[in-house]
Amino acid sequence: MHEAIRWEGADDGALLLLDQTRLPGEEVWLRCTTVEDVWQAIKRLSVRGAPAIGVSAAYGVCLAARDGADAALAACDYLATSRPTAVNLFWALERMRLAILASRPGSQPLDSHLLCEAQAIHTEDAAQCAAIGRHGAEAIAPLLQGRSILTHCNTGALATGGDGTALAVMFALAAAGSDPHVFVDETRPLLQGARLTAWELMQRGVRCTLICDSMAAQVMREGRVGAVIVGADRIAANGDSANKIGTYALAIVANWHKVPFYVAAPATTFDMTLDSGDAIPIEERGAEEITEPFGKRTAPEGVPVYNPAFDVTPAELIAGIITERGVMAPGEVRERLGT
Ligand SMILES: CSC[C@H]1O[C@H](OP(=O)(O)O)[C@H](O)[C@@H]1O
């Protein structure tokens with residue numbers, strides 16, 4: 001497993017993050033010693049991916065706890081302003097807030113107590129990734145019949161505290177000797193597929209072919225795709241799923257071509273307070289990500305830009321949701337995960 005999040009040292013340690021804005025060309029580790037460092041890393045996608053954002057934020061609260069419980073509680077509120085869509089961020093911060101409130105003066109020092117909680121969140125996510133891989137491989141293998149998997153954005157070890165969500169399924173298939181092939185959407189505008197997923201798959205020896213997002217329909221029309229598997233940032237109680245922009249269009253194309261469309265996510269990505277995806281907050285990001293990607297101007301100065309970072313795929317387009325508790329139909333979410 002290629003870890004992207006590490007805690008260095010003991011209670012007085014630091015959070016190390018593999019800077020995903022520098023990949024695939026450079027492997028540079030950021031050393032975060034303040035909660036502001038972590039907020040910035042999340043905001044600029046140095047660390048990204050719903051579970052990874054939650055794990056990193058939990059460690060960010062630990063950095064603030066050196067200044068006491070009030071500082072740690074303030075850090076929970078501050079980190080919650082970094083990005084709005086991935087519900088794992090808010091789930092992890094709420095868990096840390098409860099841990100702060102549960103700590104008792106005179107018992108285990110606050111920063112030790114919170115570091116244990118953050119490390120538990122990290123370890124649990126890794127176990128959830130492994131289970132998603134197992135359940136997903138079992139469900140997807142029969143569908144492929146020699147055809148490829150197609151995926152969008154990055155859902156691997158870089159996006160989680162473990163081996164990934166959708167990518168964990170591909171890693172599990174490869175480990176079982178299935179020798180899967182993956183079509184990787186480059187995933188405009190920030191190219192998480194080209195820069196990160198292709199890198200992870202090649203690192204692990206999984207066969208892949210990089211395609212432009214606009215080519216997904218063609219490879220499906222050619223009959224080359226047995227299943228689409230993507231991640232999620234927030235799943236509503238009816239199964240509507242928010243994920244990287246372009247996922248909704250991919251789901252429509254997959255359904256048109258009768259290619260089963262799967263979402264892979266841990267239970268921490270479900271927001272059971274939402275009846276549907278209509279209320280999922282969609283992050284809008286800066287125009288420069290489209291007009292000057294990676295510092296090269298590709299559009300006229302001042303051109304109006306719309307840059308939603310996510311879209312919502314309606315439950316009726318989703319064949320199944322792969323979780324650590326098994327694979328479920330969107331209509332089973334309430335029953336399987338509680339209301
Ligand atoms: C395993 S969750 C990965 C999920 O997060 C990505 O968004 P971002 O790169 O903006 O953090 C994308 O939606 C992935 O599916």
Side-chain angles (χ1 to χ4, degrees), residues 1-2 4-5 17-21 23 41-57 82-92 122 125-126 128-133 136 150-171 184-197 199-200 213 228-235 240-251 261-271 277 280-286 289-290 307-313 318 321-324:
M1 178 179 74
H2 196 115
I5 305 168
L17 299 173
L18 180 58
D19 187 346
Q20 298 185 38
T21 66
L23 291 173
I42 293 171
K43 183 69 176 178
R44 66 168 179 261
L45 279 71
S46 288
V47 60
R48 42 140 306 278
I53 292 170
V55 170
S56 301
S82 56
R83 295 185 74 192
T85 304
V87 72
N88 309 60
L89 170 64
F90 307 97
W91 173 86
H122 193 169
D125 186 70
Q128 288 154 7
C129 290
I132 289 169
L150 189 146
T151 196
H152 191 72
C153 200
N154 172 258
T155 60
L158 293 171
T160 64
D163 229 16
T165 55
L167 253 62
V169 176
M170 300 163 213
F171 293 146
V184 179
D185 272 0
E186 64 176 354
T187 316
R188 283 181 52 80
L190 293 180
L191 308 183
Q192 288 94 324
R195 294 186 301 111
L196 307 177
T197 295
W199 182 76
E200 284 204 58
D213 303 348
V228 175
I229 318 176
V230 298
D233 292 80
R234 192 180 301 224
I235 303 172
D240 290 350
S241 296
N243 197 51
K244 183 52 47 192
I245 190 73
T247 303
Y248 172 41
L250 190 61
F261 181 91
Y262 281 82
V263 172
T268 50
T269 303
F270 288 74
D271 182 349
I280 295 177
I282 300 298
E283 177 185 20
E284 287 196 39
R285 294 183 64 85
E289 292 183 353
I290 296 176
N307 185 16
F310 300 96
D311 55 28
V312 176
T313 297
I318 300 171
I321 304 174
I322 304 166
T323 77
E324 69 276 23

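In listed order, ligands and their atoms are each counted from 1. Nothing fancy with the numbering, it's 1 onward along the sequence.
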(request) Select the closest option to atom 1 (C) of ligand 1 among N243, T165, T247, judged by heavy-atom distance. (result) T165

(message) Any nitrogen or oxygen of T160 lying under 3.5 Å from a nitrogen or oxygen in ligand 1? Just yes or no.
(response) no

(request) Taking all heavy atoms of G162 and all of D125, pick out the closest pair and write down the distance. (result) N-OD2, 3.6 Å

(request) Answer whether the closest heavy-atom distance between the side chains of N88 and P266 falls below 4.5 Å. (result) yes

(request) Determine, using heavy atoms of P51 and all atoms of ligand 1, whether some pair is separated by less than 4.0 Å. (result) yes

(message) When you measure from the heavy atoms of A232 to every atom of ligand 1, does any distance fall below 4.0 Å?
(response) yes

(request) Please say whether Q192 places an N or O atom under 3.5 Å from an N or O atom belonging to ligand 1. (result) yes

(message) Only heavy atoms of C153, strictly under 4.0 Å: list the atoms of ligand 1 that pass.
(response) 6 (C), 9 (O), 12 (C), 14 (C)

(message) What protein heavy atom lies closest to atom 13 (O) of ligand 1? Include the residue and the distance to one decimal.
(response) D233 OD1, 2.5 Å

(message) So, using side-chain contact (heavy atoms from CB on, under 4.5 Å) as the criterion, who are the partners of E283 when residues are at least two apart?
(response) R83, P84, T85, R285, A309, F310

(request) Check G193 against V184 and note the closest heavy-atom contact, atom names and distance. (result) O-CG1, 3.4 Å

(message) Checking the side chain of D163 only, and the main-chain atoms of A130 only, is there a donor and an acceptor separated by less than 3.5 Å?
(response) no

(message) Looking only at protein heavy atoms, which one is nearest to atom 6 (C) of ligand 1, and what is the separation?
(response) R48 NH2, 3.6 Å

(message) List ligand 1 atoms under 4.0 Å from T155, heavy atoms only on the residue side.
(response) 15 (O)

(message) Under 4.0 Å from a heavy atom of G49: which atoms of ligand 1 are those, numbered in the order shown and with their elements?
(response) 3 (C), 5 (O), 11 (O)

Residues 150-157, side-chain donor-acceptor partners within the protein, below 3.5 Å, at least two apart:
unit_1: T151; atom_1: OG1; unit_2: I229; atom_2: O; d: 2.7
unit_1: H152; atom_1: ND1; unit_2: D185; atom_2: OD2; d: 2.8
unit_1: H152; atom_1: NE2; unit_2: I245; atom_2: O; d: 2.8
unit_1: N154; atom_1: OD1; unit_2: R48; atom_2: NH1; d: 2.9
unit_1: N154; atom_1: ND2; unit_2: T197; atom_2: OG1; d: 3.1
unit_1: N154; atom_1: ND2; unit_2: E200; atom_2: OE2; d: 3.1
unit_1: T155; atom_1: OG1; unit_2: L167; atom_2: N; d: 3.1

(request) Run the numbers on L158 and L23 for side chain to side chain contact (heavy atoms under 4.5 Å, CB included), then give the verdict. (result) CA-CA 10 Å; L158 293 171; L23 291 173; 3.9 Å; yes

(message) For ligand 1 and L45, I'd like to know whether there is a polar contact (N/O to N/O, distance under 3.5 Å).
(response) no

(message) Before you tell me yes or no, could you show the steps for D233 and T269 under side chain to side chain contact (heavy atoms under 4.5 Å, CB included), namely the whole-Å CA-CA distance, both residues' side-chain angles and the distance that decides it to 0.1 Å?
(response) CA-CA 6 Å; D233 292 80; T269 303; 5.5 Å; no

(message) Looking at R234 and D271, is any side-chain nitrogen of the basic one under 4.0 Å from a carboxylate oxygen of the acidic one?
(response) yes

(message) I'd like to check whether R83 has a polar contact with ligand 1, where a contact means an N/O of the residue lying under 3.5 Å from an N/O of the ligand.
(response) yes

(request) Please indicate whether any nitrogen or oxygen in N154 is less than 3.5 Å from any nitrogen or oxygen in ligand 1. (result) no

